[in-house]
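Below is one structure, written out as C-alpha cells; comments come after it.
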Amino acid sequence: MEMVEYRRLTPADTHIITMDYDTETLERFLRNPDHYLFAGIAGGRVVAWLYGYGLLRPDGRSMFYIHSVDVVPERQGMGIGTELMAFTLAALREEKKYYKCFVLAEPDNERACRLYRKVAAREEQLLFSKRLDAET
C-alpha cells in the first residue's frame with residue numbers, strides 16, 4: 001500500500017477529486033476561505049476527504065464545523081480517517097482562526113461515532129435535524 005499524503009485542497013486540485021461533485025461547484029466551494037476540503041491522497045487520487053466550514057458567531061469568535069468525513073471503501077479500517085482527522089485538527093489549530101471544532105453524527109452511524117470519539121475532548125451534543133427541501 002502506498003503512503004497517504006494529507007493536505008488541504010485548493011481549486012487547482014479539482015482534477016484529483018473523486019467525489020461525485022461538479023467541478024465548477026467544487027472550485028466555487030474551495031475559493032471561499034472559510035470552506036475547507038482536507039484530503040488523504042495516495043497514488044495520485046483522493047482516498048479520503050473531510051470537508052467543513054468556518055462559522056462566525058455573533059460574539060466575533062469562529063467555530064469550525066466538520067460536515068463530512070469519508071474514506072473510499074477499499075481503504076476503510078486502516079486508520080486513514082483517524083489520521084485525516086488528526087491532520088485537520090492540527091492544521092486548524094495552527095491557523096488559529098477557530099476556537100472550537102464540532103461535528104454532528106447520527107447515533108446509528110457507529111463507524112463515524114467511533115472515529116469522532118477517538119479525537120473528541122468530550123461528547124456533549126444531541127442531533128436535531130429537519131429537512132428544509134421537503135414537506136415532511
Side-chain angles (χ1 to χ4, degrees):
M1 251 332 131
E2 63 264 87
M3 294 290 296
V4 179
E5 170 200 0
Y6 299 95
R7 63 186 170 97
R8 181 179 178 186
L9 299 185
T10 69
D13 293 313
T14 56
H15 67 284
I16 64 168
I17 299 172
T18 56
M19 298 163 25
D20 290 329
Y21 293 109
D22 173 70
T23 301
E24 186 177 316
T25 304
L26 270 173
E27 287 174 357
R28 190 170 53 249
F29 176 86
L30 292 170
R31 279 193 300 268
N32 185 320
D34 289 319
H35 294 175
Y36 293 73
L37 176 54
F38 292 98
I41 302 164
R45 74 182 196 110
V46 173
V47 297
W49 55 91
L50 177 156
Y51 74 92
Y53 322 92
L55 302 172
L56 178 63
R57 293 170 25 137
D59 65 4
R61 297 172 71 192
S62 293
M63 300 187 310
F64 188 78
Y65 166 62
I66 296 174
H67 184 78
S68 181
V69 180
D70 288 296
V71 178
V72 296
E74 65 269 18
R75 295 291 192 118
Q76 291 178 0
M78 299 177 173
I80 293 172
T82 302
E83 290 175 1
L84 180 58
M85 284 289 295
F87 176 85
T88 298
L89 295 174
L92 292 170
R93 194 173 292 116
E94 186 176 307
E95 204 173 278
K96 297 182 173 137
K97 193 172 171 181
Y98 305 105
Y99 86 98
K100 183 178 184 177
C101 175
F102 70 100
V103 62
L104 302 174
E106 299 286 351
D108 61 345
N109 187 344
E110 294 174 19
R111 177 170 259 155
C113 290
R114 208 170 32 251
L115 169 64
Y116 303 142
R117 281 186 185 109
K118 284 182 193 176
V119 299
R122 62 182 181 212
E123 190 175 333
E124 60 185 35
Q125 249 355 100
L126 294 174
L127 174 64
F128 296 93
S129 66
K130 173 74 174 158
R131 292 207 42 157
L132 299 176
D133 62 351
E135 291 295 319
T136 59

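The model shown is predicted, which means the values in this text are computed figures rather than measured ones.
- Nearest heavy-atom pair, Lys97 versus Pro33, reported as atom, atom and distance to 0.1 Å: NZ-O, 3.4 Å.
- One finds a salt bridge joining Glu2 and Arg75 here, because a Lys/Arg side-chain nitrogen approaches an Asp/Glu carboxylate oxygen to under 4.0 Å.
- To the nearest 0.5 Å, atoms CG (Leu37) and CG (Leu26) are separated by 7.0 Å.
- Checked for salt-bridge contact, Glu94 and Arg8 miss the test: no charged N lies under 4.0 Å from a carboxylate O.
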Cut-off 3.5 Å, no hydrogens considered: what does the side-chain donor-acceptor table look like for residues 54-66, sequence neighbours left out?
| unit_1 | atom_1 | unit_2 | atom_2 | d |
| --- | --- | --- | --- | --- |
| Arg57 | NE | Asp59 | OD1 | 3.2 |
| Arg57 | NE | Asp59 | OD2 | 3.4 |
| Arg57 | NH1 | Tyr99 | OH | 2.8 |
| Arg57 | NH2 | Asp59 | OD2 | 2.5 |
| Asp59 | OD1 | Arg61 | N | 2.9 |
| Tyr65 | OH | His67 | ND1 | 3.1 |

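- The heavy-atom pair separating Ala42 from Val4 by the smallest distance is CB-CG2, 4.2 Å.
- A donor-acceptor pair under 3.5 Å links the side-chain atoms of Asp13 to the main chain of Thr10, judged by distance alone.
- Side-chain atoms of Phe38 and Leu89, non-hydrogen and from C-beta on, never get closer than 4.5 Å to each other.
- Atom CD of Glu24 is surrounded by 12 or fewer heavy atoms from other residues, nucleotides or ligands within 6.0 Å.
- Looking at heavy atoms from C-beta onward, Val72 lies in side-chain contact with Trp49 at the 4.5 angstrom threshold.
- Looking at Val71 and Leu84, their side chains never come closer than 4.5 Å, going by heavy atoms from C-beta outward.
- Across all non-hydrogen atoms, the minimal contact from Ala39 to Val46 is CB-CG1, 4.0 Å.
- Note that the CG atom of Leu9 and the OH atom of Tyr51 stand 14.0 Å from one another [nearest 0.5 Å].
- Between the CZ atom in Phe87 and the CD1 atom in Ile80 there is a gap of 14.5 Å [rounded to 0.5 Å].
- Taking Tyr6 as the reference, Glu83 meet the side-chain hydrogen bond (donor to acceptor under 3.5 Å, both in side chains) condition, with sequence neighbours excluded.
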